[in-house]
Enquirer: 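What follows is a structure written as structure tokens; I'll ask about it next.
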Number of protein chains: 2
Amino acid sequence: MDTALDRALRVFRERGYHATSIGDLTAAMRLATGSVYKAFRDKHAVFLAAFERYTAVRGEQTRSAAARGGNGRERLRNVLLSYVEHSQGVEGRRGCLVVGSAVELSAVDPAVRARVSAQLETNENFIAGLIREGQADGSIPGHVDADDTARLMICITQGMRVVGKARLPLDGPRLVGVAMKLLA
Amino acid sequence: MDTALDRALRVFRERGYHATSIGDLTAAMRLATGSVYKAFRDKHAVFLAAFERYTAVRGEQTRSAAARGGNGRERLRNVLLSYVEHSQGVEGRRGCLVVGSAVELSAVDPAVRARVSAQLETNENFIAGLIREGQADGSIPGHVDADDTARLMICITQGMRVVGKARLPLDGPRLVGVAMKLLA
DNA sequence: TTTATTCGGAAACGACCATTCCCTATTATC
DNA sequence: GATAATAGGGAATGGTCGTTTCCGAATAAA
């Protein structure tokens, strides 16, 4: 069942909510129509479940990227690099479900909007936490405003997903190198 | 006719392509079904015309924001501030059609993808040009890499539209203040 | 072995979509 | 003033959508 949800997730990421039909979903999930409606109340419920799974997986990925850093600054750099990698190539073309939901649904779907906002705030708090860690361990200057910088970095990461979806090439080290000036 | 297109543009920005029906379009444009199909070949053509109009209007807006600056650095700051303003409030909730098209359509619609890529590159070149102007007039250090910084700033601007659509508040002066560190 | 129950599959249904067609005013032309 | 031409409005249409319902197979209980 989780593997079926993963397949649904991929379709939602590629095509968005409205452009994926139940037919697309059943084909991707290798399930019949009735079975999907046995497992989920409706298409919206499938989407919400896929969203939840996506944020869980992505959260784990960025947390593990952060773990590969010796201090706050390195952890933050690794997180940003991880975002660039995920915004490129096949994964980038597939797109970010949070960005997609924000753009396509948050204006008309309160349930989705709430989840998108919560996820953005979670990510922002995570980044702000890394900045404060860096300030505590001396790798980031104390005069950096953690909250403002974190919010700008959220804009950067979400923006990378947008331009990655448009298939513009992104050079990880160069881009992150520039972005790290925000921690000066 | 242009005012009808403006009304269509607003609906496309709010709801995206797939979620706006011909009925939504005719209601917004105050036109009957047949009249829309007299003026445009199909829904896709309406969207493309709206896209073209959107990029023209937005280009004029950011160019005039840039003009209100005495040197390259100030022009760039004004452009960024203008982006934050447009990402907030009613306008922010309405969303950016370039971002929306990139996320919802660029994966499956080559015509849209070409226009989105072209627009992103135009914006990026404009920003890179402002950076070089600043370097020529001495307001921006010469060691700043214009291309890399411009690409990151494109990520920032597109990202602001995403979080603005999700209705997170954005403080213009604070955010831009942090972003200007990229020109150090 | 028989019965009850759960599970997946496929056909059926009503609603709504994009598109086409036709009709009616209104304008321009002679 | 009559007529041709055009623009706009709205009903009709074929197709597809999301959802429901029903049916058969497989499994567990008795």
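Atom set for the values below is all heavy atoms of this structure, side chains included, hydrogens, waters and symmetry mates excluded. Quick note on labels: first sequence line is chain A, next is B, and so on, each numbered from 1. From a predicted model like this one, the values you see are computed outputs, not experimental measurements.
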Enquirer: Roughly how many Å is it from NZ in A:K38 to C1' in C:dT6, rounded to a whole number?
Expert: 9 Å

Enquirer: Between A:R132 and A:D147, is there a side-chain N and carboxylate O pair less than 4.0 Å apart?
Expert: yes

Enquirer: Whole Å only: how far is the CG atom of B:L31 from the P atom of D:dA7?
Expert: 13 Å

Enquirer: At under 4.0 Å, does any side-chain N or O of A:Y37 touch on OP1 or OP2 of D:dT19?
Expert: yes

Enquirer: State whether B:D171 and A:R151 are salt-bridged, where the test is any N-O pair (Lys NZ or Arg NE/NH1/NH2 against Asp/Glu carboxylate O) under 4.0 Å.
Expert: no

Enquirer: If you assign A:T33 and B:T33 each to the DNA chain C nucleotide with the nearest heavy atom, which residue ends up on the more 5' nucleotide?
Expert: A:T33

Enquirer: Drop me the distance from A:R58's CZ to A:R63's CZ, to the nearest 0.5 angstrom.
Expert: 11.0 Å

Enquirer: What residues in residues 13-24 of chain A put a non-hydrogen atom under 4.0 Å from any atom of DNA chain D?
Expert: A:T20, A:S21, A:I22

Enquirer: Please report the distance, rounded to the nearest Å, between CG in A:D42 and P in D:dT21.
Expert: 15 Å

Enquirer: Could you state the atom-to-atom distance from CZ of A:F47 to C1' of D:dG18 in whole Å?
Expert: 16 Å

Enquirer: Check this for me: does the side-chain of A:K43 come within 3.5 Å of the base of D:dG18 through a donor and an acceptor?
Expert: no

Enquirer: Does any non-hydrogen side-chain atom of B:K181 lie less than 4.5 Å from one of A:K181?
Expert: no

Enquirer: Could you please spell out the steps behind the salt bridge (Lys or Arg N to Asp or Glu O under 4.0 Å) verdict for A:E104 and A:R15?
Expert: CA-CA 11 Å; A:E104 190 188 357; A:R15 300 214 254 264; over 6 Å; no

Enquirer: Nearest whole Å is fine: how far is D:dT19 C1' from A:L25 CG?
Expert: 13 Å

Enquirer: Looking at side-chain heavy atoms only, is the closest gap between A:Y17 and B:H18 below 4.5 Å?
Expert: no

Enquirer: Tell me: CZ of B:F40 to C1' of D:dG8, nearest whole Å?
Expert: 14 Å

